[in-house]
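What follows is a short report on a single structure.
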Amino acid sequence: MDEKNFDRRLAAALQTGEEPGGELNAVLKARLYQRERELQSRPARRLSLWWLPMTANLFVCGVPALLFALPVMPLAAHLAAFALGWLAVGGVVMTFVGLKCSDLKEQLTLELPQKGRKEML
């Protein structure tokens with residue numbers, strides 16, 4: 001079969017010959033704008049991450065402090081455990097001071113896009 005003939009037949013099969021009326025377009029636009037307003041009126045999903053630095057600090061400093069504090073470790077390891085333990089406690093204290101004295105919760109809050117809504121560029 002010839003390519004041009006095939007393209008012509010395909011284009012003819014896809015054409016309906018009818019144009020949608022202006023009323024249908026107006027109804028569809030009204031529904032679209034209404035749906036957009038509904039999506040914008042919903043509050044955005046928020047994810048607070050204020051606890052993340054404190055948890056990371058506890059993991060990075062606290063776990064080695066516990067390992068170095070084992071009775072089989074030498075004296076230098078016990079001194080390192082003491083220092084790391086204080087760093088872990090200091091990270092927790094600094095996090096709570098940051099919560100009390102600044103807007104740390106607001107600064108470490110992510111606003112996630114709503115489900116079903118795609119951002120347009």
Side-chain angles (χ1 to χ4, degrees):
M1 187 182 282
D2 186 50
E3 277 188 39
K4 291 181 183 179
N5 190 17
F6 179 74
D7 288 342
R8 207 173 326 125
R9 285 187 181 183
L10 181 63
L14 292 175
Q15 291 179 353
T16 61
E18 295 180 13
E19 290 291 323
E23 294 176 11
L24 179 61
N25 283 339
V27 169
L28 290 175
K29 282 182 184 180
R31 284 185 187 170
L32 178 67
Y33 292 141
Q34 180 184 8
R35 178 74 175 143
E36 186 177 337
R37 273 186 259 121
E38 288 173 4
L39 286 175
Q40 288 178 352
S41 67
R42 275 196 283 172
R45 294 183 305 157
R46 297 170 59 98
L47 178 63
S48 181
L49 299 175
W50 67 268
W51 50 270
L52 191 60
M54 177 179 66
T55 306
N57 181 44
L58 279 173
F59 184 74
V60 169
C61 294
V63 172
L66 291 175
L67 292 176
F68 291 158
L70 293 175
V72 295
M73 293 292 188
L75 179 63
H78 287 283
L79 293 174
F82 183 74
L84 286 169
W86 274 109
L87 283 173
V89 170
V92 172
V93 169
M94 285 179 60
T95 300
F96 285 114
V97 167
L99 286 172
K100 187 75 173 169
C101 296
S102 70
D103 58 344
L104 186 64
K105 278 189 179 179
E106 279 297 316
Q107 291 176 356
L108 291 176
T109 300
L110 296 177
E111 289 196 20
L112 302 173
Q114 298 170 352
K115 290 183 180 177
R117 178 179 173 198
K118 295 187 178 182
E119 296 295 325
M120 301 193 63
L121 299 175

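It should be emphasised that the depicted structure is a prediction, and the values quoted were computed from it without experimental measurement. Note: hydrogens, waters and symmetry copies are ignored here, and every other heavy atom, side chains too, is used. Here, residue 1 is the first one in the sequence, and each next residue gets the next number.
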| query | Is there a path of hydrophobic side-chain contacts, each under 4.5 Å between heavy atoms of I, L, V, M, F, W or Y residues, that connects L99 with V97? | reply | no

| task | Verify the cluster assignment for W50 and L110: are they in a single hydrophobic cluster under the rule of side-chain heavy atoms below 4.5 Å apart? | result | yes

| query | Given the rule in the side-chain contact (heavy atoms from CB on, under 4.5 Å) test, do F82 and H78 qualify, once you have shown the distances and angles that lead to the verdict? | reply | CA-CA 6 Å; F82 183 74; H78 287 283; over 6 Å; no

| message | When you group the ILVMFWY residues by side-chain heavy-atom contacts below 4.5 Å and let the links chain together, are W86 and L58 in the same group? | response | no

| said: My understanding is that only residues two or more places apart in sequence, or in another chain, count here; which of them pass salt bridge (charged side-chain N to carboxylate O under 4.0 Å, His left out) with E111? | reply: R46

| Quick one: CG on L52 to OG1 on T95, what's the gap to the nearest 0.5 Å? | 10.0 Å

| Is the closest side-chain heavy-atom distance between Q34 and E38 below 4.5 Å? | yes

| request: For A65 and G85, work out which heavy atoms get closest and say how close. | output: CB-N, 3.7 Å

| More than 12 non-hydrogen atoms from neighbouring residues, nucleotides or ligands closer than 6.0 Å to CD on Q107, yes or no? | yes

| said: Quick check: do V92 and F96 have side-chain heavy atoms less than 4.5 Å from each other? | reply: yes

| said: How long is the straight-line distance from OG1 of T109 back to CG of L47, given to the nearest 0.5 Å? | reply: 8.0 Å

| query | Could you state the interatomic distance from CD (E36) to OH (Y33), rounded to the nearest 0.5 Å? | reply | 8.0 Å

| request: Identify whether L75 and L67 are in the same connected component of the hydrophobic contact network (ILVMFWY, side-chain heavy atoms under 4.5 Å). | output: no

| said: Taking atom CE as the centre, does M73 end up with more than 12 heavy-atom neighbours from other residues, nucleotides or ligands that are less than 6.0 angstrom away? | reply: yes

| note | Closest non-hydrogen contact found for A88 with N57 is O-ND2, 3.6 Å

| Distance-minimising heavy-atom pair for A81 and A69 | CB-N, 3.7 Å

| query | How far does CZ of F68 sit from CG of L79, to the nearest 0.5 angstrom? | reply | 11.5 Å

